[in-house]
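One structure below.
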Amino acid sequence: MSPITVVEGRRLSLTNLDKVLYPGTGTTKGEVLHYCTTTAGPLLSHLRDRPLSFLRYPDGPDGQRFFTKNVPPGAPSWVKTCEVPHSTSGPTRQVLLQDLPSLVWAANLVVELHTPQWTYRAPGIADRLVFDLDPGAPATIVECCTAAQWLHDRLAADGLDVHAKTSGAKGLHLVVPVEPVPAERATAYAKALAVEAAAALPELVVHKMTKTLRPGKVFIDFSQNAAAKTTAAAYTLRARDTPTVSAPVTWDEIADCTDPQQLTFLFGEIAPRLARHGDLLAPLLDPDRARPLPAARSPRARATPQRSRSARDSP
């Protein structure tokens, strides 16, 4: 019989708590649930009001994996949902994780958590801008850090506040709070900067998804700003060989990175980082930090920005 637990007055049946999900580290499902509950504060804050897409991996990263946006069968009636418009299939209902019981329920399904750049209150109206920096082997997150610093300075020149997290996989995510803007305009602006970065750093950066262009370079994926796209949420566990997390990082850590392991964080490292830094992405939750996107303009090449060590910023 599955154990029953009560979380903030909600009864939950938790299954297979001793099941090993990450064989390389021996990490069990029970440990995954513990991570989610102990990180619930910042995790939930970045999920609030955003329709969830789940990458489910109930048998671990080596087992079956499937992506779903619909509310999973058997979801408790108290788990909040919202209607989300879709241009081709019509409206669907998706999960909102607004409280701890709902988070524990979702964690029991074994999921990666992915969110759009908008909330259910304004579908398709972005309040965040995201750049997904994806290295093509033999490039690694080290090369992503160079591209990230260029983008940081370029975005700052446009008056935008830039924050960073690891993807939890191979690369980096840069996240920018913006005043609400249609997703199409956010995508166009992000694409223009990706094109500009590729022109400024031609030996390092590509802005096209074409696989033959990507070996040894950093692909700046601007497409995740599209209304239908989602990005791995801050603090979510990833379905990787080990229990890595999409973890916020400082700009000093990015500037100092010379080895991929320096920016690879397992779930057991997140609590000490939160104790030391707090939530480095908390400024994303402050509407006063949002800035307007600049007026549209044609992309142009710029010299690679130079940053002195004393001028580094922390989020």
Worksheet entry | D62/R240 salt bridge by N-O under 4.0 Å criterion | no
Practice prompt. Run the salt-bridge test on D18 and K29 with the 4.0 Å N-O cut-off and return the result as yes or no.
Written response: no
Worksheet entry | R273 charged N/C atom sitting above F265 aromatic ring, 6.0 Å / 45° | yes
Item to complete: List, by chain and number, the other hydrophobic cluster members for V206, where Ile, Leu, Val, Met, Phe, Trp and Tyr join if side-chain heavy atoms come within less than 4.5 Å, directly or indirectly.
Response: M209, L213, F219
Worksheet item: Hydrophobic cluster mates of L55, side-chain heavy atoms under 4.5 angstrom, ILVMFWY only, any path?
Response: F67
Worksheet item: Hey, does H277 have a side-chain heavy atom less than 4.5 Å from the side chain of L280?
Response: yes
Worksheet entry | Check: D221 and D134 side chains under 4.5 Å, non-hydrogen atoms | no
Practice prompt. Provide the closest heavy-atom pair for P51 versus T119 in the form atom of the first, atom of the second, distance.
Written response: CD-C, 4.4 Å
Item to complete: Would you check if the side chain of S102 reaches a backbone N or O of Q98 as a donor-acceptor pair within less than 3.5 Å?
Response: no
Fill in: A226 backbone acceptor or donor facing T187 side chain under 3.5 Å
yes
Worksheet item: Once you round to the nearest 0.5 Å, how far does CZ of R185 lie from CD1 of I125?
Response: 11.5 Å
Worksheet entry | CD1 on I4 to OG on S13, rounded to 0.5 Å | 4.0 Å
Practice prompt. Please lay out, stage by stage, how R291 and E179 fare under the test salt bridge (Lys or Arg N to Asp or Glu O under 4.0 Å).
Written response: CA-CA 5 Å; R291 295 291 182 269; E179 293 182 359; over 6 Å; no
Worksheet item: Linking I/L/V/M/F/W/Y whenever any side-chain heavy atoms sit under 4.5 Å apart, do L113 and L44 land together?
Response: yes
Only distances under 3.5 Å count here; give the side-chain donor-acceptor pairs of residues 78-85 to other protein atoms, sequence neighbours excluded, each with its distance to 0.1 Å.
residue, atom, partner, partner atom, Å
T81, OG1, R93, NE, 3.0
T81, OG1, R93, NH2, 3.1

